[in-house]
Peer 1: 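The structure follows.
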Amino acid sequence: MNRFKAFGWHLLVSMGLALLSAALVFLLWYPGSIASATGITDIFLMVLMVDVVLGPLITLIVYNTKKKELKRDLAVVALVQVFALLYGLHIAFIARPVYIVYNVGRFDLVYANDLTHEKLLHVRPEYQSLPLLGPQVIAAVMPADVDARNAILFSAISGGDDLPQLPQYYEPYATQKTAALSRIKSLNELIELNKDNAPGIDALEKKYAKVSGGIGYFPLKAKTADLAVIVQKNTGNFLEVASFHPW
């Protein structure tokens, strides 16, 4: 095998691993519009591009069948490439969104690194382990105790944890759907806020044209771009997260 064939095979294998990694990140951990709202897209794609390009390129440079150290050199290149890819996957995993949390008239995206081991020690059993197969829709309910409410308020004002980052107040979203109905924003408001994306709005209306009671939305607060959570207007049922300006 000459260096160009070695380069080609290395490139083919690297692209296959990159596609599998991208599927894991963008279809499972950061599905749909959520990827662009978290800032992971540019970062992870850059890691993949560097990994895919540099590995085969180094193979093209060092490959020489007359070299006694050829197997060692290729093994080192492969190991460095694998470790770089695993590091990128590790970063994506520990910062992945785990919950889409309803919080009095809006949703917040909560990330795995927001919820430390200490925070999860004394919570309901279903929230002690973080989701591995994509973010789950839940709710966070403000405590009745005045001191606890004030502590949350002061923490949020000072840049600390707000209600969505405090798992001891988590509940299933189903328990809050009735209360959420009066806070659902109308589709007309979403249309006004997204006049620059008329085709997207048209596609959304067609997609849910047969939904009983029609659709509305809640704003979704995320890291780099806020999104819209589309819900069934007469039930509050979660339908999807969409890339529209929510306010």
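Numbers for residues simply follow the sequence, beginning at 1.
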Peer 1: Any side-chain heavy-atom pair from K177 and V231 closer than 4.5 angstrom?
Peer 2: no
Peer 1: Do Y127 and L115 have side-chain heavy atoms sitting under 4.5 Å apart?
Peer 2: no
Peer 1: I want to check something: taking the side chain as every heavy atom from C-beta on, are S243 and L227 in contact at a cut-off of under 4.5 Å?
Peer 2: yes
Peer 1: If only atom types and distance count, is the side chain of Q128 paired as donor or acceptor with the main-chain N or O of V123 below 3.5 Å?
Peer 2: yes
Peer 1: Once you round to the nearest 0.5 Å, how far does CE of M49 lie from CG of L54?
Peer 2: 10.0 Å
Peer 1: Would you check if the side chain of K223 reaches a backbone N or O of I40 as a donor-acceptor pair within less than 3.5 Å?
Peer 2: no
Peer 1: Give the table of side-chain donor-acceptor pairs shorter than 3.5 Å for residues 76-89, with sequence neighbours excluded, one pair per line with atom names and distance.
Peer 2:
residue, atom, partner, partner atom, Å
Q81, OE1, H10, NE2, 2.6
Q81, NE2, S14, OG, 2.7
Q81, NE2, D51, O, 2.9

Peer 1: Between D145 and D147, is there a donor-acceptor pair closer than 3.5 Å when you use the side chain of the first and the backbone of the second?
Peer 2: yes
Peer 1: Decide yes or no on side chain to side chain contact (heavy atoms under 4.5 Å, CB included) for D108 and L163, but give the supporting numbers first.
Peer 2: CA-CA 10 Å; D108 287 80; L163 183 64; over 6 Å; no
Peer 1: Determine whether K233 and S186 make a side-chain contact, defined as any pair of heavy atoms from C-beta on separated by less than 4.5 Å.
Peer 2: yes
Peer 1: Looking at side-chain heavy atoms only, is the closest gap between K185 and P219 below 4.5 Å?
Peer 2: yes
Peer 1: Find out whether L109 and I100 are in side-chain contact, i.e. whether some heavy atom of one side chain is under 4.5 Å from a heavy atom of the other.
Peer 2: yes
Peer 1: Taking side chain as C-beta onward, heavy atoms only, is I138 less than 4.5 Å from V110?
Peer 2: no
Peer 1: Rounded at 0.5 Å granularity, tell me how far CG in D114 sits from CG in D161.
Peer 2: 7.5 Å
Peer 1: More than 12 heavy atoms of other residues, nucleotides or ligands under 6.0 Å from CE of M15: yes or no?
Peer 2: no
Peer 1: Quick check on the 6.0 Å ring-centre criterion: do F44 and Y30 meet it?
Peer 2: no
Peer 1: Hey, which of Y99, F107, F238 is the one that makes ring pair (Phe, Tyr, Trp, His ring centres under 6.0 Å) with Y173?
Peer 2: F107
Peer 1: If you take the centroid of each ring, where Trp contributes its six-membered ring, are F218 and Y102 closer together than 6.0 Å?
Peer 2: yes
Peer 1: Take Y217 and F244 through the ring pair (Phe, Tyr, Trp, His ring centres under 6.0 Å) test and state the conclusion after the steps.
Peer 2: CA-CA 10 Å; Y217 81 98; F244 296 110; 8.9 Å; no
